[in-house]
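Structure record follows, encoded as structure tokens.
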Number of protein chains: 2
Amino acid sequence: MSEVQLKDALDALKSTGVRITPQRHAILEYMIHSTMHPTADDIYRALEKTFPNMSVATVYNNLRVFRKAGLVKELTYGDSSSRFDFVTHDHYHIICNDCGKIVDFHYPGLDEVEHLASHVTGFQVDYHRLEIYGTCQDCLGKTAKAQ
Amino acid sequence: MSEVQLKDALDALKSTGVRITPQRHAILEYMIHSTMHPTADDIYRALEKTFPNMSVATVYNNLRVFRKAGLVKELTYGDSSSRFDFVTHDHYHIICNDCGKIVDFHYPGLDEVEHLASHVTGFQVDYHRLEIYGTCQDCLGKTAKAQ
DNA sequence: TACACTATTTATAACGATTACAATGTAAGA
DNA sequence: TCTTACATTGTAATCGTTATAAATAGTGTA
Ligand SMILES: [Mn+2]
Ligand SMILES: [Mn+2]
Ligand SMILES: [Zn+2]
Ligand SMILES: [Zn+2]
């Protein structure tokens, strides 16, 4: 399954004239196998055993290449660092305010909200961003035990 | 109307033991009269005529005080600086990708999405964040003219 | 193969928003 | 007035990210 995703991603890159370097291959592979929405630094640290000389700039550069190719989505937050999500299909995220965990969940697109917003404001609407915030089960369990 | 809001805000602050300094008064007044979701630097520059010695740290400090008191909401984005919104009632935002303008719009809370997310993920849900992105009428007009 | 050309990586400096810190100022209460 | 806690100011530090320039590695051509 993820083998196919990797192959498709590499093909998509090649077809736009982007060279497949060992670093790019490794970053992409890591992204596809990761379920935890890693930061650039997560990726950098995960790959420093196999690429001791890799620069953190390389990670950022390639994440931008992947983003422009539509392979990766960047999840931005105010304070801390961006997280990156390998694009499979559209989904929303629910985020734990205690441990920072980001979990996928699926829900039909909010077309009606987009339409109303466009109608009321006169904007031409392109997309929207929705995130749910709360506390995950692990963290709920921990606070329950601590009492 | 905004006089009442200002008085209520000042009373709310006083009741929690926060002193009302001239700087705080001015920042709060500016927030209430502003409709454009200013950044800390917007506020700083708007007030530097009346407070030539005010530090930008004072603006940040007080915005944090206001946020903790529930008077102000911080709108965070990845790259650029936070924007601040005086809390009146709950509303969503639609954002222009060309000029960065942020416009309020109202829509019933997405309770159903929150419920489903909680059910599927086991999270205890606290709140959500929804933003619509697109192009505002002004920017649509400009690109139409330019052609 | 040798060469030129371009993409890519690396190392490091720079950037910008925000925060930390220490010194100074201010106001309320005893 | 004296004390004390709170606020402001000026500046240094932080941190994620980007820019830059030099080094490296492919790719195509003669
Ligand atoms: Mn995801
Ligand atoms: Mn608003
Ligand atoms: Zn958690
Ligand atoms: Zn616009």
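We find that CD of A:Gln23 is positioned 5 Å from P of C:dT9, with the value rounded to whole Å. Summarising the geometry, the separation between CD1 on A:Ile20 and P on C:dA7 is reported as 15 Å, rounded to the nearest angstrom. Rounding to whole angstrom units, CD of residue B:Glu48 and P of D:dT8 are separated by 18 Å. Atom OH of A:Tyr44 and atom P of C:dT12 are 11 Å apart (whole Å). Distance A:Asn62 CG to C:dA7 C1': 11 Å, rounded to the nearest Å. In this structure, the NE2 atom of B:His25 is 18 Å from the C1' atom of D:dT8, given to the nearest Å. Atom OH in A:Tyr60 sits about 20 Å away from atom P in C:dT8, given to the nearest Å. Going from atom NZ of B:Lys68 over to atom P of D:dA7 covers 12 Å, rounded to whole Å.
A cation-pi geometry, defined here as NZ or CZ lying under 6.0 Å from the six-membered ring centre and within 45° of its normal, does not hold between B:Arg45 and B:Tyr30.
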- Message: With salt bridge (Lys or Arg N to Asp or Glu O under 4.0 Å) as the criterion, how do B:Asp41 and B:Arg83 come out once you've worked through the C-alpha distance, each side chain's angles and the decisive distance to 0.1 Å?
- Response: CA-CA 10 Å; B:Asp41 200 58; B:Arg83 293 174 167 275; over 6 Å; no
- Stepwise side-chain hydrogen bond (donor to acceptor under 3.5 Å, both in side chains) test for A:Glu131 and A:His93: CA-CA 5 Å; A:Glu131 283 148 17; A:His93 291 119; 5.7 Å; no
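B:Tyr107 and A:Glu112 form a side-chain donor-acceptor contact under 3.5 Å, judged by distance and modelled atom types alone. Between the side chains of B:His37 and B:Asp42, no donor-acceptor pair of N or O atoms lies under 3.5 Å.
Side-chain N/O atoms of B:Arg24 include one lying less than 4.0 angstrom from OP1 or OP2 on D:dT8. An OP1 or OP2 oxygen of D:dT8 is reached within less than 4.0 angstrom by no side-chain nitrogen or oxygen of B:Arg19. In this structure, A:Ser55 does not reach the C:dA11 phosphate: none of its side-chain N or O atoms is under 4.0 Å from OP1 or OP2.
As judged by a 4.0 angstrom heavy-atom cut-off over every strand, A:Asp41 is placed among residues making no nucleic acid contact. Within 4.0 Å (heavy atoms only), B:Thr39 reaches no atom of the nucleic acid at all.
Between B:Val18 and B:Ala57, the residue anchored nearer the 5' end of DNA chain D, judged by the nucleotide with its closest heavy atom, is B:Val18. For A:Ser80 and B:Thr21, each mapped to the nucleotide of DNA chain D holding its nearest heavy atom, the one lying further toward the 5' end belongs to B:Thr21.
Of the candidates D:dA19, C:dT18, D:dT9, the closest approach to any side-chain atom of B:Met54 belongs to D:dT9. For A:Ser81, taking side-chain heavy atoms from C-beta onward, the closest of the listed nucleotides C:dA11, C:dT19, D:dT17 is D:dT17.
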